[in-house]
Visitor: 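Sharing a structure, written as structure tokens. Questions coming.
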Amino acid sequence: MRWSEAFIPTLREVPAEAELISHQLLLRAGMIRKLAAGIYIYLPLFQRTLLKVAQIVREEMNRQGAVEITMPVLHPAEIWQETGRWDTVGKELIRLKDRHGRDLVLGPTHEEIITFLVRGELRSYRQLPINLYQIQVKFRDEIRPRFGLLRGREFTMKDAYTFDATEESFKKSYQKMIDAYFAAFNRCGLETVKVESDTGAMGGKSAHEFIVLVDTEGGESLIFTCSNCDYAVHSDRASFKEAAPPSEKVLPYEKVHTPNVMAAEEVARFLKLPVQKLVKTMIYKTDNGFVAALVRGDREVNLVKLKNLVGSIEMDMAGTEDVQRITQAPKGFAGPVGLAGLEIIADTEVAVLPNFVSGANEGDYHIKNINTGRDFKPSRVADIKVAVEGEVCASCGKGKLKASRGIEVGNTFSLGTKYSVSLKATFLDEKGGERPFIMGSYGIGITRTAQAAVEKFHDADGIIWPKTIAPLDVHIVPVKMEDAQQAEVAERLYRAFNEAGIEPLLDDRKERAGVKFKDADLIGIPVQIVIGDRGLKEGKLEFKVRKTKESSTAPIGEAVPYFKKLWETI
RNA sequence: CGGGGUGUGGCGCAGCCUGGUAGCGCACCUGCUUUGGGAGCAGGGUGUCGGAGGUUCAAAUCCUCUCACCCCGACCA
């Protein structure tokens, strides 16, 4: 690729719209341009990187026996209504109408479509298992697009779907995808952590996410890993081993005057008690009315856990008026004792906590020495709290949880028969019995993975692409294109690399050396070759490794073999 | 959806409070000089001031509506 023929609009200044370093660099390096919120144009350099990421993913999928297809972007609404996701996916689903007024959606994922395909064509267990995938654009009307490609409304994703006859078979299919994912991300130069995760709107039985750990704010996923065992979990569903409750004699119930004292910490300070003796009573509005959630004063409610528990899609804190009506008290004094007319869900820690304090459902009053069972009966007891770093691992019971942030680049879902049942996709087993397919769904964000690599690999001067996904392999920089000798050497190298199957970028612009060097570092091609008077006098070229900034020289005639040697070291 | 903010040349911004007919840096074009880490000098082009309506002799500036974009939040009683 010649710079003069390509479209590489680099920017000197940092675009105001980007706050994440990877987003800034992609814009500055002339890789992407924004069309609208969460919608981007991929420019030539980035396009090449995307193709490389996609190709790596493709090869690893194929290696595991998956086969590639392409499904439509535009889907009729009916099929989404059949599975119920027309309603449950909610506002993220981009809906439109055709000229006849028929409802359509732009596909955010393709479980419905693949199941439609398979139910019409696969009838026998003999045809299973099968794994079909595509690399396709997806649309999600994100509540708040941000971070460039990390949370876009249009993005490229590899999505695969498995169909198995038995659970044992499914487990193998699932493991193959896990293997493919680790292999693909490793080849992209990205180390990933596999964590247990929530299934969200996807439904199904269980799920995992593949996370690239990053130190920056770009890491929107919070995960916990164990210091002792290999337990790794998304914060959405992280739990920990709870400490035994203090053994105390059960004390008599006591109402205390707490004028204008509401927040848990304030109440604790006012009553001179540790905040762990407080219980917060939170009222949430769900799809089916209100629920009260009880967690210890130092804990927070995990909304994902609570949503899953009550089976609600939407969940919000109740408004002030609702709280007043339900608790018969001003906001800030809710408590479980005497609370009626709604489900009361107590966290597991609360249920065993003796003599705790909570609101009295009366203005300016709290109640001391509340005991679950004696003073109120929770409708359900469950772990509904947010996990925090330092707690004991729930899996091994020994290690401590460590929090890390990362970018989710892939996910795998065990779907069970959710879609095959709702779409009536069945096959005949050995005994001639009709059974729904056991399904799995597996995604890799191609565009997101590419940006994650930038977030992970950069320095003050620009991007440092891993060599496997760099837009091009080598960047030829003649210091002065007007110099006939330099231009001639540059052209000769350009041909030699192309013939050797190595992809060169030739900066054939009549720009000053400084500009070319700055741009070279910014766009981050792994190896730079500088052609200048200094070296030419001795018949030599300067090689610079982008990552280390180390320079070395080699005779002009040995450029290709020298490059190959260098390539092995990076 | 709630709160905050911003829309002025390709990019980054000033001007707005206090109305008087648009400016700076970068980029771009021409010339000369320069030429190994984002050059210097000189000259040049570039705007329906996001859009609509209103107030006014006069609106980028004030008012109303609207659109777009950005940030924070949408979890703590």
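A note on names: the letters A, B, ... follow the listed sequences, proteins ahead of strands, and every chain is numbered from 1. Just so you know, these numbers use all the heavy atoms, side chains as well, and skip hydrogens, waters and symmetry mates.
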Visitor: Which value, in whole Å, describes the distance between the P atoms of nucleotides B/G5 and B/C62?
Guide: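 Per the computed distance, 14 Å lies between those P atoms.
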Visitor: Using whole Å, what does the distance between atom P of nucleotide B/G10 and atom NZ of A/Lys34 come to?
Guide: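 Going from NZ in A/Lys34 over to P in B/G10 covers 16 Å.
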Visitor: Do A/Ser379 and A/Glu343 have side-chain N/O donor and acceptor atoms under 3.5 Å apart?
Guide: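 Side-chain D/A pair, A/Ser379 to A/Glu343: absent.
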Visitor: Under 3.5 Å, which N/O atoms of the protein pair with N/O atoms of nucleotides 73-77 of chain B?
Guide:
| unit_1 | atom_1 | unit_2 | atom_2 | d |
| --- | --- | --- | --- | --- |
| B/C75 | O2 | A/Val301 | O | 2.6 |
| B/C76 | O2' | A/Lys280 | NZ | 3.4 |
| B/C76 | N3 | A/Val301 | N | 3.1 |
| B/C76 | N4 | A/Glu300 | OE1 | 2.8 |
| B/A77 | O3' | A/Met262 | O | 3.2 |
| B/A77 | O2' | A/Gly332 | O | 3.4 |
| B/A77 | N6 | A/Ile283 | N | 3.1 |
| B/A77 | N6 | A/Ile283 | O | 2.5 |

Visitor: Do A/Glu266 and A/Asn260 meet the criterion of a side-chain donor-acceptor pair at a distance under 3.5 Å?
Guide: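 No, no side-chain donor-acceptor contact under 3.5 Å.
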Visitor: Using atom CZ of A/Arg151 as one end and atom C1' of B/C71 as the other, report the distance to the nearest whole Å.
Guide: 16 Å
Visitor: Quiz question: going by heavy-atom distance under 3.5 Å, is there a donor-acceptor pair between the base of B/G36 and the side chain of A/Asp533?
Guide: no
Visitor: Check this for me: does any side-chain nitrogen of one of A/Lys307 and A/Asp287 sit under 4.0 Å from a carboxylate oxygen of the other?
Guide: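 No.
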Visitor: Which pair of heavy atoms, one from A/Lys368 and one from A/Val256, lies closest together, and at what distance?
Guide: CD-CG1, 3.6 Å
Visitor: Go ahead and name the base partner of B/C65; Watson-Crick or wobble counts if both distances stay under 3.5 Å, otherwise write none.
Guide: B/G51
Visitor: Take atom P in B/G12 and the same atom in B/A52, then report the distance between them in whole Å.
Guide: 23 Å
Visitor: If you measure from the C1' atom in B/C1 to the same atom in B/C11, how many Å do you get, rounded?
Guide: 33 Å
Visitor: Between the side chains of A/Lys255 and A/Glu362, is the shortest nitrogen-to-carboxylate-oxygen separation below 4.0 Å, so that they form an ion pair?
Guide: yes
Visitor: Any strand counts, and the cut-off is 3.5 Å on both contacts for Watson-Crick or G-U wobble. Which nucleotide pairs with B/C13?
Guide: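 Looking at the geometry, B/C13 pairs with B/G23.
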Visitor: Across all strands, who's sitting opposite B/G2 as a Watson-Crick or G-U wobble pair, both distances under 3.5 Å?
Guide: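 B/G2 is paired, partner B/C72.
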Visitor: Who does B/A77 pair with, Watson-Crick or G-U, both distances under 3.5 Å?
Guide: none
Visitor: Polar pairs (N or O, both sides) under 3.5 Å between protein and nucleotides 39-41 of chain B?
Guide:
| unit_1 | atom_1 | unit_2 | atom_2 | d |
| --- | --- | --- | --- | --- |
| B/A39 | OP2 | A/Arg512 | NE | 3.4 |
| B/A39 | N9 | A/Arg512 | NH1 | 3.3 |
| B/A39 | N7 | A/Arg512 | NH1 | 3.2 |

Visitor: Would you tell me whether A/Asp521 and A/Gln528 have side-chain atoms, one donor and one acceptor, within less than 3.5 Å of each other?
Guide: yes
Visitor: Starting at CG of A/Leu27 and ending at C1' of B/G10, how long is that distance when rounded to a whole Å?
Guide: 14 Å
Visitor: Answer yes when A/Asp383 and A/Lys305 have at least one side-chain N-carboxylate O distance shorter than 4.0 Å, and no when they do not.
Guide: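 Between A/Lys305 and A/Asp383 there is a salt bridge, with a charged N closer than 4.0 Å to a carboxylate O.
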Visitor: Quick check against the 3.5 Å criterion: does A/Lys516 have a side-chain atom that pairs as donor or acceptor with the backbone of A/Pro478?
Guide: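 Between the backbone of A/Pro478 and the side chain of A/Lys516 there is a qualifying donor-acceptor contact (under 3.5 Å).
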Visitor: Answer yes or no: is there an ion pair linking A/Asp322 with A/Arg325, defined by an N-O contact shorter than 4.0 Å?
Guide: yes
Visitor: When the P atoms of B/U46 and B/G9 are compared, how many Å lie between them, rounded to an integer?
Guide: 14 Å
Visitor: Under the 3.5 Å rule, do the base of B/G25 and the side chain of A/Glu13 count as making a donor-acceptor pair?
Guide: yes
Visitor: Select from A/Val479 and A/Gly38 the residue whose nearest nucleotide in RNA chain B is closer to the 5' end of that strand.
Guide: A/Val479
Visitor: Rounding to an integer number of angstrom, what distance separates B/U33 and B/G10 when you compare their C1' atoms?
Guide: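 Going atom to atom, C1' in each nucleotide, I get 28 Å.
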Visitor: Can you work out whether A/Lys518 or A/Ala36 has the more 5'-proximal nearest nucleotide on RNA chain B?
Guide: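 Comparing both residues, the 5'-ward one is A/Lys518.
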Visitor: Within the 3.5 Å criterion, strictly below it, is a donor on A/Ser22 or A/Gln451 matched to an acceptor on the partner's side chain?
Guide: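 Yes, A/Gln451 and A/Ser22 have a side-chain donor paired with an acceptor closer than 3.5 Å.
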Visitor: Check the distance between B/C71's C1' and A/Leu20's CG and give it to me in whole angstrom.
Guide: 14 Å
Visitor: Charged N to carboxylate O under 4.0 angstrom, A/Glu265 versus A/Arg269?
Guide: no
Visitor: On a whole-Å scale, what distance lies between the P atoms belonging to B/U66 and B/G2?
Guide: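 Nearest-Å result for B/U66 against B/G2 at atom P: 12 Å.
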Visitor: Tell me whether the side-chain N or O atoms of A/Lys544 pair up with the base of B/G37 as donor and acceptor below 3.5 Å, since no angle test is needed here.
Guide: yes
Visitor: Under 4.0 Å between a side-chain nitrogen and a carboxylate oxygen: does that hold for A/Lys385 and A/Glu391?
Guide: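 Between A/Glu391 and A/Lys385 there is no salt bridge, as every charged N stays at least 4.0 Å from the carboxylate O atoms.
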Visitor: Judged by atom type as modelled, is there a donor-acceptor pair below 3.5 Å linking the side chain of A/Lys518 to the main-chain atoms of A/Asp461?
Guide: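 No.
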Visitor: What interatomic distance, in whole Å, is found between P of B/C75 and the corresponding atom of B/C63?
Guide: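 Between the two P atoms, the distance is 34 Å.
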Visitor: Roughly, in whole Å, what's the span from CZ in A/Arg546 to C1' in B/G37?
Guide: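 From A/Arg546 CZ to B/G37 C1': 13 Å.
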Visitor: Does anything in residues 335-360 of chain A come within less than 4.0 Å of RNA chain B? Heavy atoms only, and list the residues if so.
Guide: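 Contacts with RNA chain B under 4.0 Å: none.
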Visitor: Nearest-Å distance, CD (A/Gln528) to P (B/G36)?
Guide: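 To the nearest whole Å, that distance equals 17 Å.
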Visitor: For B/U21 and B/C41, measure between their C1' atoms and round to the nearest Å.
Guide: 33 Å
Visitor: Both distances under 3.5 Å, Watson-Crick or G-U wobble: report the partner of B/A39, or none.
Guide: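 For B/A39, the partner nucleotide comes out as B/U33, under the 3.5 Å rule.
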Visitor: What is the separation between atom CD1 on A/Ile523 and atom P on B/G37, rounded to the nearest whole Å?
Guide: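 A/Ile523 atom CD1 is separated from B/G37 atom P by 19 Å.
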Visitor: What is the distance from NZ of A/Lys549 to C1' of B/G37, rounded to the nearest Å?
Guide: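 In whole Å, B/G37 C1' and A/Lys549 NZ are 10 Å from each other.
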Visitor: Kindly indicate whether the side chain of A/Phe155, heavy atoms from C-beta on, has any atom under 4.5 Å from the side chain of A/Arg448.
Guide: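 A/Phe155 does not reach A/Arg448 side chain to side chain.
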Visitor: In terms of side-chain heavy atoms of A/Phe517, which of B/G38, B/C69, B/G37 is nearest?
Guide: B/G37
